[in-house]
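Below: one structure, written as structure tokens.
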Amino acid sequence: MIEQELTGYITQAFETLYGQQPEGVKLETTRQDFEGDYTFVVFPYIKISKKNPEQTATEVGEYIISNTTEVSSFNVVKGFLNLVIADNYWSNFLNAAYNNSDFGKGIIGKEQKVMVEYSSPNTNKPLHLGHTRNNLLGWSVSEILKANGYDVYKANLVNDRGIHICKSMIAWIKYGNGETPETTNTKGDKLVGKYYVEFEKYYRAEVKELIANGIIEADAEKQAPLMIEAQEMLRKWEAHDEETLRIWNMMNGWVYKGFEETYNRMGVDFDNYYYESQTYLLGKKFVDEGLAQGVFYKKPDGSVWIDLTANGLDEKLVLRADGTSVYITQDLGTAQKKYEDVGYDKSIYVVANEQDYHFKVLKLILQKLGKPYAPGIFHLSYGMVDLPSGKMKSREGTVVDADELMDEMVQAAKEKTTELGKTEGFTDAEMNHLYNALGMGALKYFLLKVDPQKRMLFNPAESIDLHGNTGPFIQYTHARICSVMRTFGKIPQPVLVETLDKFEKELLALLYTWPSIIIEAGKLYSPAIIANYIYEVAKEFNRLYHELSLLREVDETIKNNRLAMSQLTANVIKQGLNILGIEAVERM
RNA sequence: GCCUCCAUAGCUCAGCUGGAUAGAGCAACGGUUUUCUAAACCGUAGGCCGUAGGUUCGAGUCCUACUGGGGGUACCA
């Protein structure tokens, strides 16, 4: 990388000029308004030079000019030394990157296995906007890690047992009249979700009545007959009651079929599935292990705890007095199972930030138990999605359903495409494919361009916009380049040159950073970094496209180079879009 | 109460390990097409970076306090 070479030269310059090496020399990219590509800030080093900032910068600049070939000129503004990289350096880069089919691909993760758990839905209701962010994030982070050379396993931990499932089952038994997805022509997850809401409705009515009879709310919530029934059903489930298991299997089956459809449409997939109904028992052997090691302790009632107060946390229950496991017990077991399955070096959990405490505890317990895989555990904590109307609550039905959301986005893309009327010669199938690619592109980009850690606001009107910093804008830029290439009809070949136009140089300098962008996105597990970068690339290209001619350029060398860098731009955009799960269409 | 995350333009977001005059998109206003795709490009306007201190040659970025908001602190998952 050029930056390392430059820092080396700067260190050399100090050594020769002032007889001492500066520590930790850093370079930054020069701000737009100044001339130059890289900037060295001399303020921290004037102690070494014992000269004023301007003088120091000038001397270092002169040394670099006369001792290197990469830097063609420099200028000094106050204590800032701006270095201009020679045009032929960028020309060389174009040549090298253009002929390197692996350009952008990293090797940091070579020989390392990483498991990414995401989605992890409950099977009592359909997927909504929050899951959509989770799914897209998890899938995209997996792609980023692959691009960094990791061996990636995508895992889904299906939350298929518990009181919430029983609620849907009770409501279906009581009020369902034997309805099935087939008889009602409803997606399975939607049907089950409908009964979850039904349960809540009848249950609330019962609670209200009890309160009217003078019972306080907290007690009413426990005493309501429906709740007692649900708990009874959970006990039956744990006791392997045949009829309960039959209904449970049947209704979960409906849900899985529905989820599969949604996942397919969203373009996400999994390599390993884990079911909580199977993993909830796995944690129990940890309990014995922890007790034996003295990491856990038993209270008189028989419940098992871990004291984390020394780590600034609380005491945490790991096993109930009746011997049943809790959330954390199950997750301990699952972590172990995953490790046995793939032997991961890293294990990423894509789970909302409301679980921060849980994962802190999980990792800490595994560390205390001396598990070799504990240090590799990382909770990718992402922010919730808010609506302009406030928070989403599934029990109250104020959610944005994932399927409906996708429908709306695709519909909006269809309307816009029809309005622009550029799809002459498309078959109906191609047309539908395009609407889908654009609608999903808009949705995915909208959700992924925001830093995962931040909570975000989902404004439907804004998400449907296809201009500016959006997926379709980037897709458009790609399609535009493809169109030029179709007209050109050949594969352009770059030619080494000594001088470049300002726009060409800026585009090349931006493309030059692509490999480091992939590395950074991998370190931070952030698709947003990829999204913002390809947006910059698209904007920079559109600027060049507007200012300079490609096919109309008369100088053959310049024309070839411009086309080659256009092609390289398209390649980078395509790679970036694909990492986000967005299709790079060739016509739109 | 305690813990934790967040606060940047009217709105949605960038701003890398502290560096020069804080950047985009949307919305508003104005301009660019005798066609290499205008889903584009250019311009105008819009900011005491929540408040107050501190560290530093230098702070949106680091530290402290405060204000406002989210989440957590369950023998729910």
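Each chain gets a letter, A, B and so on, in the order its sequence line appears, and its residues count up from 1.
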| said: What contact category does A:Asn459 fall into here, base, sugar-phosphate, or nothing, at under 4.0 angstrom with non-hydrogen atoms? | reply: nothing
| Whole-Å distance separating the OH atom of A:Tyr357 from the P atom of B:rG70 | 22 Å
| request: Could you tell me whether the phosphate oxygens of B:rA77, OP1 or OP2, come under 4.0 Å of any side-chain nitrogen or oxygen in A:Arg320? | output: yes
| field | Whole angstrom value for the distance that separates P of B:rC57 from CD1 of A:Ile48 | value | 16 Å
| For A:Phe488, which contact category applies under a 4.0 Å heavy-atom criterion: base, sugar-phosphate, or nothing? | nothing
| message | At less than 3.5 Å, do the side-chain atoms of A:Thr39 and the base atoms of B:rA20 form a donor-acceptor pair? | response | yes
| field | Closest to side chain of A:Trp305, choosing from B:rU21, B:rC75, B:rA24 | value | B:rC75
| Across the strands shown, which category fits A:Glu276 at heavy-atom distances under 4.0 angstrom: base, sugar-phosphate, nothing? | sugar-phosphate
| query | Just to confirm, is there a sub-4.0 Å distance from OP1 or OP2 of B:rC16 to any side-chain nitrogen or oxygen of A:Lys523? | reply | no
| task | Take atom CG of A:Asn353 and atom C1' of B:rC6, then tell me their distance rounded to the nearest Å. | result | 10 Å
| field | Residues A:Val326, A:Leu319; criterion side-chain contact (heavy atoms from CB on, under 4.5 Å); working and verdict | value | CA-CA 6 Å; A:Val326 290; A:Leu319 194 73; over 6 Å; no
| said: My understanding is that a pair needs two contacts under 3.5 Å, Watson-Crick or G-U wobble. By that rule, which nucleotide pairs with B:rA38? | reply: none
| field | Residue A:Ser483, side-chain atoms from C-beta onward, closest of B:rU37, B:rU35, B:rG71 | value | B:rU37
| Should A:His546 be listed as having a side-chain N or O under 4.0 Å from OP1 or OP2 of B:rC42? | no
| request: Kindly point out which of B:rU21, B:rC41, B:rC36 is positioned nearest to the side chain of A:Asn542? | output: B:rC41
| Quick one: which of B:rA7, B:rG19, B:rA20 gets closest to the side chain of A:Phe43? | B:rG19
| Reckon A:Phe80 touches a base, only the sugar-phosphate, or nothing at all at heavy-atom distances under 4.0 Å? | base
| remark: Assign each of A:Leu313 and A:Leu551 the nucleotide of RNA chain B bearing its closest heavy atom; nearer the 5' end lies the nucleotide of A:Leu313
| request: Measure from CG on A:Leu27 to P on B:rG19 and round the result to the nearest Å. | output: 13 Å
| said: Mind checking if A:Arg543 touches a base, just sugar-phosphate, or nothing, with heavy atoms under 4.0 Å? | reply: sugar-phosphate
| field | Whole-Å gap separating P (B:rG19) and OH (A:Tyr45) | value | 13 Å
| Test: A:Glu3 and A:Lys26 ion pair at under 4.0 Å | no
| Base, sugar-phosphate, or nothing: which does A:Asn82 touch, judged by heavy atoms less than 4.0 Å apart? | base
| task | May I ask you to evaluate whether A:Arg31 reaches the phosphate of B:rG23, defined as a side-chain N or O under 4.0 Å from OP1 or OP2? | result | yes
| task | Indicate, with a heavy-atom threshold strictly under 4.0 Å, whether A:Glu424 touches base, sugar-phosphate, or nothing. | result | nothing
| remark: Of A:Leu317 and A:Glu586, the one whose nearest nucleotide on RNA chain B sits closer to the 5' end is A:Glu586
| Of all the choices, B:rA77, B:rA14, B:rU12, which nucleotide is nearest to the side chain of A:Gln330 once you look at every atom? | B:rA77
| What does A:Ala352 touch in the nucleic acid at a heavy-atom separation under 4.0 angstrom: a base, only the sugar-phosphate, or nothing? | nothing
| note | Closest of B:rA38, B:rA24, B:rA40 to the A:Phe473 side chain is B:rA40
| Where A:Met456 and A:Val450 come nearest, the two heavy atoms and their spacing | CE-CG2, 3.9 Å
| field | Heavy-atom closest pair, residues A:Phe541 and A:Thr569 | value | CB-CG2, 3.9 Å
| field | Residue A:Arg480, side-chain atoms from C-beta onward, closest of B:rC13, B:rU21, B:rU37 | value | B:rU37
| Counting only distance, no hydrogens or angles, is the base of B:rA20 paired donor-acceptor with the side chain of A:Gln32 under 3.5 Å? | no
| query | How would you label the contact of A:Met456 with the nucleic acid (heavy atoms, under 4.0 Å): base, sugar-phosphate, or nothing? | reply | sugar-phosphate
| field | Under-4.0 Å side-chain N/O to phosphate OP1/OP2 contact, A:Tyr535 with B:rC13 | value | no
| request: Could you tell me whether A:Val484 contacts a base, only the sugar-phosphate backbone, or nothing, with contacts defined as non-hydrogen atoms closer than 4.0 Å? | output: sugar-phosphate
| request: Scan A:Leu420 against the nucleic acid and name what it touches under 4.0 Å (heavy atoms): base, sugar-phosphate only, or nothing. | output: base
| task | Assess whether ring pair (Phe, Tyr, Trp, His ring centres under 6.0 Å) is satisfied between A:Tyr196 and A:His164, documenting all intermediate values. | result | CA-CA 8 Å; A:Tyr196 185 65; A:His164 49 285; 7.5 Å; no
| query | With a non-hydrogen cut-off below 4.0 angstrom, is A:Val450 in contact with a base, only sugar-phosphate, or nothing? | reply | sugar-phosphate
| Checking ring pair (Phe, Tyr, Trp, His ring centres under 6.0 Å) for the pair A:Tyr533/A:Trp514: CA distance, chi angles, key distance, verdict? | CA-CA 8 Å; A:Tyr533 172 78; A:Trp514 176 226; 5.3 Å; yes
| request: Name the nucleic acid region contacted by A:Ser381, choosing base, sugar-phosphate or nothing; use a 4.0 angstrom heavy-atom cut-off, strictly under. | output: nothing
| field | Audit row: A:Tyr445, A:Tyr535, ring pair (Phe, Tyr, Trp, His ring centres under 6.0 Å) steps and yes/no | value | CA-CA 10 Å; A:Tyr445 188 84; A:Tyr535 171 62; 7.1 Å; no
| Looking at A:Lys299, does any N or O in its side chain come under 4.0 Å of the phosphate oxygens OP1/OP2 on B:rC75? | no
| What integer distance in Å separates A:Lys454:NZ from B:rC11:C1'? | 16 Å
| How would you label the contact of A:Asp301 with the nucleic acid (heavy atoms, under 4.0 Å): base, sugar-phosphate, or nothing? | base
| Whether A:Tyr545 stacks on the six-membered ring of B:rA40 base, 5.5 Å and 30° limits | no
| task | Name the closest nucleotide to the A:Asp356 side chain, picking from B:rU4, B:rG72, B:rC75. | result | B:rU4
| remark: Regarding the side chain of A:Ala321, the nearest nucleotide among B:rA39, B:rC75, B:rC41 is B:rC75
| Centroid-centroid under 6.0 Å between A:Tyr525 and A:Phe378 rings | yes
| request: Choose from B:rA39, B:rA77, B:rU21 the nucleotide whose nearest atom is closest to any side-chain atom of A:Arg161. | output: B:rA77
| message | How close do A:Ile228 and A:Lys222 get, counting heavy atoms only, and between which atoms? | response | CG1-O, 3.7 Å
